[in-house]
Each structure stands twice: as C-alpha cells, then as structure tokens.
2 protein chains.
Amino acid sequence: MAGKRTDARRKQHAQASVDDAAGQEARAEPTLARERIVVTAVELLDARGVAGLTMRELAERLGSGVMSLYWHVSNKEEVLDLALDLVLEPPHCVEFGNWREEVVHQLEDWRASMLRHPWSVSLLPRRALGPNLLSRLELLSRALSKAGVADADVNAAIWSLWNHPVGATITRVSFTLSDDDMAAGQRRLARGSDRYKAIEQSRLLLDNDWDGAFRKGIDFLLDGFARAK
Amino acid sequence: MAGKRTDARRKQHAQASVDDAAGQEARAEPTLARERIVVTAVELLDARGVAGLTMRELAERLGSGVMSLYWHVSNKEEVLDLALDLVLEPPHCVEFGNWREEVVHQLEDWRASMLRHPWSVSLLPRRALGPNLLSRLELLSRALSKAGVADADVNAAIWSLWNHPVGATITRVSFTLSDDDMAAGQRRLARGSDRYKAIEQSRLLLDNDWDGAFRKGIDFLLDGFARAK
DNA sequence: AAGCTACATCGTACAATGTACGAGTCAATG
DNA sequence: CATTGACTCGTACATTGTACGATGTAGCTT
C-alpha cells in the first residue's frame with residue numbers, strides 16, 4: 001500500500017498552480033525561487049522560442065540542478081502557463097474620460113504585449129484563463145459598461161472585442177513567422193491567378209499595415225455596437 | 001512533358017511543403033501513400049489530440065514501419081501542416097443572392113470545421129497560410145467585394161472578418177478544453193469579488209451561448225462596415 | 001544534546017520520441 | 001543479366017521530461 005507518500009511536500013506548491021497568492025491575509029512569500037524560474041523561462045522563450053525552452057537549459061541558466069526545478073514547479077507545462085501569464089500582465093489602470101479610447105488602449109496594449117513575446121501566441125490556445133487574462137477581461141468589461149450597449153448584446157460585444165486581438169495577433173505572427181510561407185503564398189497567387197483573383201487584386205497579402213488594420217477593426221466593432229443599440 | 005513527375009525528391013527538396021500538386025495536367029497521382037498518411041494522421045489527431053500524434057503510432061495504424069513514413073513526408077511538422085490544411089478545406093462554393101448571408105455562411109463553416117477538430121486550433125498559430133486557408137480568404141474577399149465597403153477600408157474589413165473566427169474559436173476551445181480552468185476561474189471570481197466585479201455581474205463566464213455570440217460578432221462587424229461607408 | 005520534521009537540492013536512471021543512416025526489396029528497363 | 005530508381009524498414013542514437021530516492025539544512029521539541 002505504499003504508505004509513506006512524500007507527496008505532502010509537492011501538494012502545497014503544486015496546487016497553487018497558476019492561481020495567484022491565495023489566502024485573504026497578506027500571506028506573501030511567493031517562493032522567491034518560483035518567480036526566478038518563471039522570469040528566466042521568459043528570457044529563454046524570448047531568446048529561443050517555445051522549442052528552445054528545455055528544463056535542462058532552464059536549470060543551467062539558473063545555476064541549479066535540473067530536478068531542483070521540480071520542487072517549485074510541478075512540470076514543464078506549468079512553467080509555460082506561468083510564463084504566459086507573466087507576460088500578459090495588464091497595464092496599470094489608466095482612466096480616460098472617453099470609454100472608447102479606453103477600449104482601444106486596452107486592446108492595443110494587449111496586442112503589443114503578445115507581439116513583444118511572439119511565443120505567447122502559440123501558447124494561448126492551450127490556456128487562456130490565467131489570472132492576468134481574467135483581469136484584462138474585467139478591465140475591458142468595465143470600460144465597455146460605459147458604452148451603453150444593449151443588455152442582451154453586452155456579452156457578445158465583450159467577446160467580440162476580446163477575440164479581435166487574439167485573432168489579429170495570431171494572423172500577424174503566423175504571417176511574419178516564416179517568410180517562406182509568405183513566398184509560398186505569393187507563388188500560389190502567381191499561378192492560377194483565377195483561383196486567387198480577388199486577394200491578388202486587392203494586394204491583401206502585400207499590404208502590411210497591420211497596426212492600421214487592427215485599429216480599424218476595433219472601430220468597426222465599436223461602430224457596430226452603436227448601431228445595434 | 002511533365003508526365004512522370006513522380007516525386008523523386010523528398011530527400012532533398014523539403015520545400016514542396018504544403019503546396020498542392022497543382023501543376024497543370026499531373027492529375028490524381030499525388031502519391032497515394034502521402035494522402036493515406038495525412039488522412040490517418042487526422043484520425044489519430046481526432047482521437048488522441050496533438051500530443052497523441054506519434055510517428056510510431058501513425059506508422060502502426062498504417063501497418064508500416066516508422067521510417068517508411070519519411071519517404072513520403074520530410075518530417076513530423078509536415079504531417080501536422082498537411083493535416084491542418086486537409087481539415088480546413090473550404091466549402092463548395094454556394095452562391096447566395098445576399099452577400100451578407102454568404103459571409104456569415106463562410107465564417108460559420110470555417111468555425112465549425114475547426115471545432116470539429118479542436119487540435120487544429122492549436123496548430124493554427126504555426127502555419128496559417130496553407131492553400132485551403134488561402135482559398136477561404138479568397139472566397140471571403142469575393143463575397144465582401146459586393147458589400148460596397150470603401151476602398152481604403154476593404155483590406156482592414158477582410159482581416160477583421162478573418163480574425164473573428166480565429167479568435168472566437170481559440171477562446172471557445174481553450175475554455176472548453178479543461179473544466180479545471182473553468183473551475184479555477186470561478187474560484188478566482190468567487191474570492192475578491194471586487195477584483196472581478198464586472199465579469200461576475202454580467203455572468204460572462206457562465207453564459208455559454210457561443211454560437212450566438214459568434215454570430216452577433218459578425219453582425220457587429222458588418223454593421224460597422226456599413227457605417228464607415 | 002539528540003532527534004524529528006519540513007524545506008530544498010540534485011545525481012542517476014529510464015522511457016518516449018524524432019529521425020539519420022544504410023541495407024534491403026521489387027519492378028521496369030537497358 | 002545488370003542497373004536504376006521507387007519504396008520499405010530495422011537499428012541506433014541524441015534529446016527530452018521526469019520518477020525516485022539520497023543528501024543536506026534549519027528550526028523546533030524533548
């Protein structure tokens with residue numbers, strides 16, 4: 001029956017997971033090492049991408065043994081989760097008088113955070129509910145509450161705004177990611193110009209004013225809300 | 001000539017990649033085995049998810065040796081690329097009289113395809129330019145050309161529509177993915193109800209009419225286009 | 001002091017995986 | 001027959017995440 005289980009030690013930390021410091025009191029002490037691990041992980045990810053994050057490399061950068069990491073972190077996935085959440089920390093709450101500017105600011109900040117750490121985009125599909133993302137959702141929600149959207153539409157409105165940076169950043173990153181893809185895309189466009197007539201004509205793939213398109217997208221949505229009111 | 005363009009490379013040219021074999025006449029002989037591999041890969045992905053796709057498992061399902069795969073495919077990544085593209089095949093072009101319905105139909109079909117194969121979402125960030133996605137972009141582009149959007153805005157409009165299903169599906173899948181996350185999210189909401197007051201109040205995370213929200217999002221955008229005209 | 005407990009580090013070992021290499025099979029063609 | 005080129009596959013290896021358990025350390029209780 002293997003009575004002596006040593007899991008007592010792991011439990012304490014493992015359960016904390018992505019959750020922020022739990023108790024109501026200022027319990028504090030988020031295990032200094034844990035934060036160091038995550039910060040270093042982000043550096044590594046920035047430098048070498050998702051594939052470059054190895055527990056061994058991480059340990060080496062921290063000057064520790066590999067297995068020491070597992071005291072503070074239950075597995076590699078958790079490191080990724082924590083790194084993702086760290087990078088998506090929301091901005092300090094700046095109040096604009098104008099709710100519209102507030103929404104735009106928030107979404108642009110989010111997008112900028114992701115583009116600063118492109119690996120974060122590919123992690124997003126796995127875990128999209130870290131505490132920092134929840135905070136961003138909250139901020140967005142509050143800003144929009146001043147917009148006077150119809151009650152029945154408000155949730156749909158929030159999600160639409162939410163999804164815009166997600167989609168836009170993914171699209172942006174995967175286009176930038178490899179110029180090979182871009183070249184291949186152009187090649188495909190070149191031949192069979194009947195098949196891809198429209199996007200060839202509008203030079204959609206060549207127009208790389210991503211920032212502008214992103215901003216316009218927000219405006220479309222906000223205008224749409226106004227009309228649906 | 002070009003009759004016997006039996007893929008005599010694979011070893012050397014890893015560049016063929018996702019490109020379709022669309023020469024002009026070379027029809028219906030895209031290395032039967034290659035297609036079988038991809039189809040089987042999709043089955044495996046459907047059954048076991050991204051982590052479950054192993055070259056060994058794949059080979060076993062095909063009743064072949066592991067290394068035989070590498071004749072037809074240059075590496076695992078290519079298998080993933082091909083599987084992704086296969087699954088995102090666009091619908092047969094159905095013409096509606098109404099361009100608006102056409103857009104809605106296309107976006108909903110795309111979203112449905114992705115939800116049918118949830119693993120596709122997590123692959124999207126890596127490679128978003130397969131031929132089938134290009135086709136979808138083309139179809140969308142054509143449908144929208146009838147909408148009378150201002151020339152200066154048309155590309156931004158296309159991208160906004162494009163990003164909507166991407167973001168919405170990622171959000172949707174990552175929420176569904178693990179109920180643990182959902183539970184954790186709720187726990188986080190429960191305590192510190194001041195921090196997440198707004199989204200708690202609107203029951204944003206509990207309202208799971210994803211289909212409706214998605215549809216409304218499209219409408220917001222389309223209405224926004226109309227206003228920007 | 002001695003012993004106990006919780007915290008923390010780390011070396012070794014192992015299993016799973018992608019794939020390089022090269023030998024092998026088979027059919028068509030010279 | 002010999003050659004070639006399409007195709008298959010077994011072996012071997014390097015890289016990875018991590019289970020296990022020994023070790024060290026600090027503080028407390030008796």
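So that the names make sense, note that chain A is the first sequence line, chain B the second, and so on, each numbered from 1.
- Taking atom CE of Met55(B) as the reference point, atom P of dA20(C) lies 10 Å away to the nearest angstrom.
- Using a 4.0 Å cut-off between a side-chain N of Lys or Arg and a carboxylate O of Asp or Glu, Glu77(A) and Arg126(A) do not qualify as a salt bridge.
- With hydrogens and angles disregarded, a donor-acceptor distance shorter than 3.5 Å links the side chain of Lys76(A) to the backbone of Leu53(A).
- Proximity note for Trp71(A) (side chain, C-beta onward) versus dT19(C), dG17(D), dA8(C): the nearest is dA8(C).
- If you measure from atom NZ of Lys76(B) to atom P of dT16(D), you get 15 Å, rounded to the nearest angstrom.
- When each of dT9(C), dG17(D), dC7(D) is scored by its nearest atom to the side-chain atoms of His72(A), the top-ranked nucleotide is dT9(C).
- The side chain of Thr54(B) sits closest to dT17(C) out of dC9(D), dT18(D), dT17(C).
- Residue Val104(B) is tested with Ile218(B), Leu161(B), Asp109(B) for a side-chain contact (heavy atoms from CB on, under 4.5 Å); the sole match is Ile218(B).
- Listed nucleotides dT8(D), dG18(C), dT18(D) differ in distance to Met67(A); the shortest reach to its side chain belongs to dT18(D).
- Of the candidates dG10(D), dT8(D), dT18(D), dT18(D) carries the atom nearest the Arg56(A) side chain, counting heavy atoms from C-beta on.
- Between Leu69(A) atom CG and dT9(C) atom P the separation is 9 Å, expressed in whole Å.
- Among dC9(D), dT16(D), dG18(C), the nucleotide with an atom closest to any side-chain atom of Ser68(B) is dC9(D).
- Atoms CG (Leu80(B)) and C1' (dG18(C)) sit 12 Å apart, rounded to a whole Å.
- Classification of the Trp110(B)-Trp162(B) ring pair by plane angle, with boundaries at 30° and 60°, yields tilted.
- When rounded to the nearest whole Å, the span between CG of Leu62(A) and C1' of dC10(C) equals 14 Å.
- Look at Glu60(B) and Arg56(B) and you find no salt bridge, because none of the NZ, NE, NH1 or NH2 atoms lies under 4.0 Å from a carboxylate O.
- Atom OH in Tyr70(B) sits roughly 10 Å away from atom C1' in dA20(C) (whole-Å rounding).
- The separation between Leu44(B) atom CG and dT17(C) atom P is 11 Å, rounded to whole Å.
- Separating the CD atom of Glu78(B) from the C1' atom of dG18(C) is a distance of 15 Å, rounded to the nearest angstrom.
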